[in-house]
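For the numbers below, each heavy atom of this structure counts, side chains included, while hydrogens, waters and symmetry mates do not. Chain A is the first sequence line, chain B the second, and so forth, proteins listed ahead of strands; every chain is numbered from 1.
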Amino acid sequence: MHDHEQRLHAISAHRWRIAFVLSAIMLVAYYGFILLVAFDKALLASRLNEGLSLGILLGALVIVFAWVLTIIYTKWANGVYDREIEELTHLAR
Amino acid sequence: MPQTSTTSILFFFVFVSATLIITYWAAKRTKTTEHFYAAGRSITGFQNGLALAGDYMSAASFLGIAGLVALNGFDGLIYSTGWLVGWPIILFLIAEPLRNLGKYTFTDVVAYRLQQKPVRIAAAIGTMAVVLTYLIAQMVGSGTLIKLLFGIPYVWAVIIVGCVMIMYVLFGGMIATTWVQIIKACLLLGGATAMALMVLSKFGFNPINLFAQAAKEGCDPAAAAGSQLFCYGGKVLEPGTKVVTGAWDAVSLGMALMFGTAGLPHILMRFYTVPNAKAARVSVMWATIWIGFFYLITFILGFGSMVLVGQKSILAAGGGGNMAAPLLANALAGQVFFGFICAVAFATILAVVAGLTLAGAGALSHDLWVNVVRGGHAPQHEQMLAARAASLLLGVCAVLLGIVFEGQNVAYMVGLTFSIAASANFPALVLSVFWRKFTTWGAVCSILFGAIGTLVLIYCGPTIQFDLLGPKAAAAGSPKEVVDAANAAIAAYKADIMAKWWYFPLKNPCIYTMTGAFLIGIVVSLLAPERAAQEGFNEVERRAVLGEPKGAAAE
């Protein structure tokens, strides 16, 4: 039973590490964008072509980035992580 | 402005009739509090994703952001990204422990291993502060909007919204509310997508051509006869000063938007409607996809109405830019589509206020009545009665607040809501799940500091002191002397207030209040350790991973 507790703890700690890293990545990406808006308006105003400024591109990329992170996490947690938890509860029974 | 009456009222009646039929169906299935608050935990991940999107995409984000983009261009995107990035944070940090530890409200999680009564009272205060400020913003917005869209007097508009919403919540509980939100999300996403496709079809299905038209320098719309396209110069693609004034304000607003989403009680409550943590994750994934997609579309709609309708007509229609999207619908496909988009905006408001009312009812009846007054032991029929009484009470409150705040500038209320949510609810929720040494009084002090601190600092800040209480600028078109006198009065007033010791320079206090709420929660907990709470943490950790023990689910 003690072994079981420890493994549960390890699996859970692993998930939290991944969750924190992903949160930090999201935070950096979003704050990178906001700080550019606040401090370097000229850079964001620079034009990639006639209709597209760097600001619009980066803003849209922050949204796409949020999609990518949530999809990666959901796939991982619902696949790998849940299977480990299932195995563990199965063993305990 | 196009005549709305017949078509939009027709669409509106179809929507209300359909949702009331669903409410009737849902009412027959709503027998216990598990149904009333959590839809019997029978909603699938995909459905809940749509419902979350429906709960979150308010009229402010549809009409407001489209208008902000139509009038300011790029700046609208700053809000859009901020409102989206909270969702990954909910998924990574909040969704699973919330679903696995709680029953009906997020307070269940905070109070799990702490002393029930003080924590529940404090958390109910945090919840009600968020729910009431958001309700005021929504009700006032809806009254003004419906007056504009349908030509109904303000008071009647607020009463109609209130009555229909009370029917949903009172009789159909979470089941009806969920389906109203799903239908609304589909209508909104469908309508907005159709509009965006129509806009893009005029620009070779490439948004960059649309932006390029808006950014064309020195063009003359009259010269390009028959094309009816407007253009404004390159500034519309660049960051302006509309949303972000100072660097610290930007950081603070960013915090409020990002973490506030993870502290909104009506959003958190939706996680109890799905059967397990797996479905909770899937629902956030879909919510993020739909909401992000919606914001990208709204950006295109904003530029579309800038170019196809023109800023002058948008401003002339009133509502500070809110009419941009409906006017675009009219320009693209005529009156019937205009009526449809107006009805969708109405449906949007109904779905959001229904979700808010239900969350507030959960705090009043489940947290305060059942768990504080009755010590957690109340028979099922009494719990249901309390839930319904609280819904009715809140619904009536919403209508009264809407009427009291008529004509007030409530734009700052949405920012206030997110700031309170990020400062009062989010820190307590995070600390209770992650930190073994968190105590009852740490939670209470953290929540109260977050809620009261935000209210006080907003009151002492520029939004209330200058925009609301300060002298107003002279009306447009006034003689030069009048304008100068008004500007001088404003400058003198501002200098006077800014010299006061209590003046707080940021529009959004979140950077101080959220950090402060975390610090206070930690310091108070360390000063007075609570043994029972520490011992209970093992159970919290275990259950946050494994969920409810099998067989204990049924009440």
Side-chain angles (χ1 to χ4, degrees), chain A residues 5 8-9 11-13 15-16 18-27 29-31 33-56 58-71 73-75 77-78 81-82 85 88-89 92, chain B residues 73-75 77-78 80-82 84-85 87-89 91-93 96 206-216 234-235 237-241 243-244 246-251 253-254 257-258 277-278 281-282 284-285 287-289 291-293 295-296 299 434 538 541-542 544-546 550:
Chain A
E5 278 297 321
L8 180 77
H9 202 81
I11 296 174
S12 154
R15 192 190 77 78
W16 282 125
I18 289 184
F20 276 116
V21 169
L22 288 175
S23 304
I25 295 175
M26 191 69 245
L27 208 75
Y30 172 61
Y31 265 103
F33 175 66
I34 286 296
L35 291 176
L36 280 179
V37 169
F39 289 104
D40 199 348
K41 288 194 165 63
L43 176 71
L44 288 189
S46 60
R47 215 59 64 79
L48 299 174
N49 68 30
E50 206 193 340
L52 190 65
S53 65
L54 186 63
I56 291 182
L58 289 181
L61 278 180
V62 170
I63 292 181
V64 173
F65 198 59
W67 284 345
V68 173
L69 289 186
T70 49
I71 292 172
Y73 176 82
T74 307
K75 292 285 166 229
N78 281 5
Y81 171 76
D82 273 359
I85 294 289
L88 190 69
T89 44
Chain B
F74 172 83
D75 279 8
L77 196 57
I78 301 173
S80 301
T81 51
L84 184 71
V85 292
W87 285 92
I89 301 295
L91 173 63
F92 304 148
L93 303 182
E96 289 180 51
N206 184 353
I208 294 174
N209 295 343
L210 167 66
F211 302 152
Q213 170 65 32
K216 223 181 251 173
K235 63 180 190 309
L237 304 183
E238 300 163 9
T241 51
V243 174
V244 174
W248 286 113
D249 242 339
V251 173
L253 176 71
L257 294 180
M258 193 163 184
K278 209 187 256 297
R281 290 184 205 118
V282 173
V284 194
M285 185 184 83
T288 313
I289 292 174
I291 294 168
F293 172 73
Y295 282 140
L296 290 177
F299 194 64
F434 290 100
N538 287 340
E541 262 189 323
R542 196 182 156 74
V545 175
L546 296 179
K550 290 244 156 55

Notebook entry, point to check: Do you know which of A/L52, A/I56, A/L35 has the most heavy-atom pairs with chain B at a distance under 4.5 angstrom?
Noted result: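 Top count of heavy-atom pairs under 4.5 Å with chain B: A/I56.
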
Notebook entry, point to check: Among A/L54, A/L8, A/I85, which has the most heavy-atom pairs under 4.5 Å with chain B?
Noted result: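 Option with the greatest count: A/L8.
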
Report the option among [options] that has the most heavy-atom pairs separated by less than 4.5 Å from atoms of chain A.
| options | answer |
| --- | --- |
| B/F211, B/W87, B/F92, B/F299 | B/F92 |
| B/K235, B/E238, B/E541 | B/E238 |
| B/N209, B/I89, B/L93, B/I291 | B/L93 |
| B/L84, B/I289, B/V284 | B/I289 |
| B/N206, B/T288, B/V282 | B/T288 |

Between [atom1] of [X] and [atom2] of [Y], what distance do you get to the nearest 0.5 Å?
| X | Y | atom1 | atom2 | answer |
| --- | --- | --- | --- | --- |
| A/I63 | B/L296 | CD1 | CG | 4.0 Å |
| A/W16 | B/E96 | CH2 | CD | 7.0 Å |
| A/I34 | B/M258 | CD1 | CE | 10.0 Å |
| A/T74 | B/R281 | OG1 | CZ | 8.0 Å |

Check: Which answer fits B/L546, side chain, backbone, both or neither, if we ask what part of it has an atom under 4.5 Å from a heavy atom of chain A?
Finding: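 Only the side chain of B/L546 comes within 4.5 Å of chain A.
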
Item checked: Residue B/F293 versus chain A: region with a heavy atom under 4.5 Å ->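 Both parts, backbone and side chain.
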
Next item on the list: Check for a donor-acceptor pair, side chain of A/S12 on one end and backbone N or O of B/V545 on the other, with a separation under 3.5 Å.
Entry: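 Side chain of A/S12 to backbone of B/V545: no pair is present.
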
Next item on the list: Report yes or no: does A/Y30 contribute a side-chain atom to a donor-acceptor pair with the main-chain N or O of B/T81 at less than 3.5 Å?
Entry: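 No, because the side chain of A/Y30 does not come within donor-acceptor range (under 3.5 Å) of the backbone of B/T81.
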
Item checked: Segment of A/Y81 engaging chain B (4.5 angstrom heavy-atom cut-off) ->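 Just the side chain, heavy atoms under 4.5 Å.
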
Note to self: Suppose we screen for salt bridge (charged side-chain N to carboxylate O under 4.0 Å, His left out). Which residues come up paired with A/D40, at least two apart in sequence or across chains?
What the structure shows: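 Once residues adjacent in sequence are excluded, A/D40 has no partner under the salt bridge (charged side-chain N to carboxylate O under 4.0 Å, His left out) criterion.
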
Taking only distance into account, with no hydrogens and no angle test, what donor-acceptor pairs under 3.5 Å do side-chain atoms of residues 18-27 of chain A form with protein atoms, sequence neighbours excluded?
from: A/S23; atom 1: OG; to: A/A19; atom 2: O; distance (Å): 2.8

Next item on the list: Might you point out which heavy atoms bring B/P239 and A/A45 nearest each other, and give the distance in Å?
Entry: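 Smallest heavy-atom distance, with atoms named: CD-N, 4.2 Å.
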
Notebook entry, point to check: Below 4.0 angstrom, N of the basic side chain to O of the carboxylate: do A/E50 and B/K216 qualify?
Noted result: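 Salt bridge flag = no for B/K216 with A/E50.
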
